[in-house]
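Predicted, not measured: the structure shown is a model, and the values here were computed from it.
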Amino acid sequence: MGNRSCPPPPAPTAAFLLPLSTTALPFPRRLLYRSQVPIRGLEVWAALEDMTWGPDNVRKWSALALLAIIGTALTAATDPGFVAMISQKGLDFACQQGVVELQKELQTISVPDFSGVFKIKHLGKGSYEFYSMAVDGFHIPNPEIEMLPSDGLRLFIKDASIKINGKWMSRKNFLKAGGNFELSIQGVSISTDLILGSDSSGHITTICSNCDSHIDSVHIKISGSVLGWLIRLFHRKIETSLKNIIYKKICKIVRNSVSSKLQPYLKTLSVISRVDDVTSVDYSLVDSLTTTNQFLEGQLKGEFFWRGHRGPLPIHPPVMRFVPNSAYMVCMGISDYFFNTAVFAYQQSGTLKVTLGSQLLLNDGRFQLNTDFLRTFLPQVARKFPSMGVQLLISAPEPEHLSIQPTGLSFNPRLETQAFVVLPNASLVPLFVLSMKTNASLEVDAEENRLVGEMKFGKWLLELKESKFGPFKVEYLEDVINYLVPTLVLPKINERLRRGFPLPLPAGIQFSDFTFYPYQNFLLLEADLHLI
């Protein structure tokens, strides 16, 4: 890929959503799903938890960290659950932001005092001294960045200029002169390679493997004394000395900046991203970085796991094939494996359940969840346990598999409801077990650096699996379930979904514009980025 100058970053713009159902949801930003087939709704199974779901340098270097996001711990090669791709536009964005910070570092170049002697025919020997020198400006007009063919990036700066101010003094016998000077350094070029890798802890690493610099010309302007002509007589020697000093300093500053600024920041990028008290997401690499003529690609595990115990999963990531859009800075392929491992993690943790009791309906005049309410279809229960409370335990006995297709993300959730009588001593008497099924839809959004959504349920259909007091018609309970779940359960689910799930972005970076596309077995997120 050829070099490209870094353009100014685009102004942030908000994406918008075409609602996936007939009722629009109040997201701050909406997503436009572009597809050959109209989307009827992204259907997904909700995680029914237990209702207790539980400085400037960094800002600039965070742009370069974006380029290295995919350099995390390597694991055994396998299909990824998550693919992250950075376009040349994304590299240009990072180039501009990173060079701003590098420019600040280069402006801290300290130029040591130096002195020497001169000899002029008929005048004899004298001495000179240059001191109190400071860089007054380091201008970088045309930074460029490109991908190396293996595992790194190359930053190239040309036509940079440096301005240095200082003081001078000259002595010849009893004559003494001094004043100010201005040093103008033109045609400064820097070429440095950043090699990406990972350490034993799985954090990304970057080293400056190669750095070269060149200075075309140096000019000194002497002022402050009528004897300045003495210095101008041997200005070439002085200019050469200062040029050599600056030349040696440039790459040292670049290397130190990478090791002391960029590398520590990269360590803040988590290989394991904590979601909540229950789960985390593994974003480690499953294969080496690859490059094409337009993209830097990283294949990530993209796997949720229960924080209490991590074990093997009975599912595997699908193959994701797509043509990324170079008009965006990043493209992310989010497979159904990503969502399904979330389901498995919450299922394994035992949090996919909620308990509903009469105390939750104290202010609801529609009905009371007690044995009197069961009199219509279970009169023997009402007689044996008069006016006692009833408790419902809604859970997901088995994790469901969801799939993503060009028409959306779909599956049919199946839950189980166990009913108990609550005795005065708080012990429970089992009554019956119901099987529940419905269709669900999820509208997906992205906020800042997180994937968020909002869930909707269809009508719940019931089936009696077991009864301790004989069979009965479940139709008597359908209205109850279809009232309780949207009223008490769904708001808690959506509260958790609105908090979102972390996407693999470094600190200080957020989405500024994004769109989603559904494909076979995965969603494609295309986005631009901005600093916060």
From [atom1] ([X]) to [atom2] ([Y]), nearest 0.5 Å:
{"X": "Ile272", "Y": "Ser284", "atom1": "CD1", "atom2": "OG", "result": "6.0 Å"}
{"X": "Asn439", "Y": "Trp460", "atom1": "CG", "atom2": "CH2", "result": "9.5 Å"}
{"X": "Lys468", "Y": "Leu378", "atom1": "NZ", "atom2": "CG", "result": "13.5 Å"}
{"X": "Met329", "Y": "Gln88", "atom1": "CE", "atom2": "CD", "result": "11.5 Å"}
{"X": "Glu146", "Y": "Arg154", "atom1": "CD", "atom2": "CZ", "result": "5.5 Å"}
{"X": "Leu352", "Y": "Ser395", "atom1": "CG", "atom2": "OG", "result": "9.0 Å"}

Report yes if the side chains of [X] and [Y] come closer than 4.5 Å at any heavy-atom pair, otherwise no.
{"X": "Pro318", "Y": "Asp336", "result": "yes"}
{"X": "Pro413", "Y": "Thr438", "result": "yes"}
{"X": "Leu525", "Y": "Leu503", "result": "yes"}
{"X": "Leu356", "Y": "Leu488", "result": "yes"}
{"X": "Ile509", "Y": "Ile532", "result": "no"}
{"X": "Leu529", "Y": "Gln510", "result": "no"}
{"X": "Phe457", "Y": "Pro486", "result": "no"}
{"X": "Leu262", "Y": "Thr206", "result": "yes"}

Exercise. side-chain contact (heavy atoms from CB on, under 4.5 Å) between Phe420 and Leu393: does it pass, once the steps are laid out?
Worked result: CA-CA 8 Å; Phe420 303 89; Leu393 176 62; 4.3 Å; yes

Shortest non-hydrogen contact from [X] to [Y]?
{"X": "Val278", "Y": "Ser349", "value": "CG1-OG, 3.3 Å"}
{"X": "Gln520", "Y": "Pro406", "value": "OE1-CD, 3.6 Å"}
{"X": "Leu300", "Y": "Ala84", "value": "CD1-CB, 4.4 Å"}
{"X": "Phe93", "Y": "His530", "value": "CZ-CA, 4.0 Å"}
{"X": "Gly302", "Y": "Val281", "value": "C-CG1, 4.5 Å"}
{"X": "Met320", "Y": "Pro80", "value": "CE-O, 3.6 Å"}

Does [X] reach the main-chain N or O of [Y] with its side chain, forming a donor-acceptor pair under 3.5 Å?
{"X": "Thr341", "Y": "Tyr337", "result": "yes"}
{"X": "Asn210", "Y": "Asp193", "result": "no"}
{"X": "Thr279", "Y": "Val275", "result": "no"}
{"X": "Ser209", "Y": "Ile195", "result": "no"}
{"X": "Gln299", "Y": "Phe82", "result": "no"}
{"X": "Asn370", "Y": "Phe373", "result": "yes"}
{"X": "Arg255", "Y": "Cys208", "result": "yes"}

For this session: Please identify each residue that fulfils side-chain hydrogen bond (donor to acceptor under 3.5 Å, both in side chains) with Asn340, with sequence neighbours left out.
Result: His401

Problem set entry | side-chain hydrogen bond (donor to acceptor under 3.5 Å, both in side chains) partners of Lys437, counting only residues at least two apart |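 Result, side-chain hydrogen bond (donor to acceptor under 3.5 Å, both in side chains) vs Lys437: none returned.
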
Less than 4.0 Å between a side-chain N and a carboxylate O, is that true for [Y] and [X]?
{"X": "Glu454", "Y": "Lys456", "result": "no"}
{"X": "Arg414", "Y": "Glu398", "result": "no"}
{"X": "Arg307", "Y": "Asp276", "result": "no"}
{"X": "Lys261", "Y": "Glu101", "result": "no"}

Problem set entry | Sequence-distant partners of Glu463, salt bridge (Lys or Arg N to Asp or Glu O under 4.0 Å), two or more places apart |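 By the salt bridge (Lys or Arg N to Asp or Glu O under 4.0 Å) rule, Glu463 matches no residue at all.
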
For this session: Go through the structure and list residues passing salt bridge (Lys or Arg N to Asp or Glu O under 4.0 Å) with Arg310, not counting sequence neighbours.
Result: Asp282, Glu303

For this session: Decide whether a cation-pi geometry holds between Arg496 and Tyr346; the criteria are a distance under 6.0 Å from NZ or CZ to the six-membered ring centre and an angle within 45° of the ring axis.
Result: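 No, Arg496 does not sit over the ring of Tyr346.
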
For this session: For the residue pair Gln96 and Asp92, confirm or rule out a side-chain donor-acceptor distance under 3.5 Å.
Result: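 Side-chain D/A pair, Gln96 to Asp92: absent.
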
Problem set entry | Donor on one side chain, acceptor on other, Ser280 and Arg274, under 3.5 Å |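 Side-chain D/A pair, Ser280 to Arg274: absent.
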
Exercise. Which word best sums up how the rings of Tyr283 and Phe338 line up, parallel for under 30°, tilted for 30 to 60°, or perpendicular for over 60°?
Worked result: parallel

For this session: Start with the C-alpha gap between Leu484 and Ile394, add the side-chain angles, then the distance that decides, and say whether side-chain contact (heavy atoms from CB on, under 4.5 Å) holds.
Result: CA-CA 11 Å; Leu484 291 177; Ile394 301 176; 6.0 Å; no

Problem set entry | Steps toward side-chain contact (heavy atoms from CB on, under 4.5 Å) verdict (Phe156, Thr192) | CA-CA 7 Å; Phe156 184 68; Thr192 183; over 6 Å; no

Problem set entry | CA sep, side-chain torsions, deciding dist, call: Leu497, Asn494, side-chain contact (heavy atoms from CB on, under 4.5 Å) | CA-CA 5 Å; Leu497 291 174; Asn494 285 330; 3.8 Å; yes

For this session: Test salt bridge (charged side-chain N to carboxylate O under 4.0 Å, His left out) on Arg498 and Asp445 and set out the steps.
Result: CA-CA 9 Å; Arg498 281 191 291 268; Asp445 199 357; over 6 Å; no

Seminar exercise, completed: Contacts of Leu462 meeting side chain to side chain contact (heavy atoms under 4.5 Å, CB included) (sequence neighbours excluded), chain-then-number -> Leu434, Met436, Val474, Leu477, Glu478, Ile481

Problem set entry | Set of residues satisfying ring-ring contact (aromatic ring centres under 6.0 Å, His included) with respect to Phe377, sequence neighbours excluded | Phe472, Tyr476

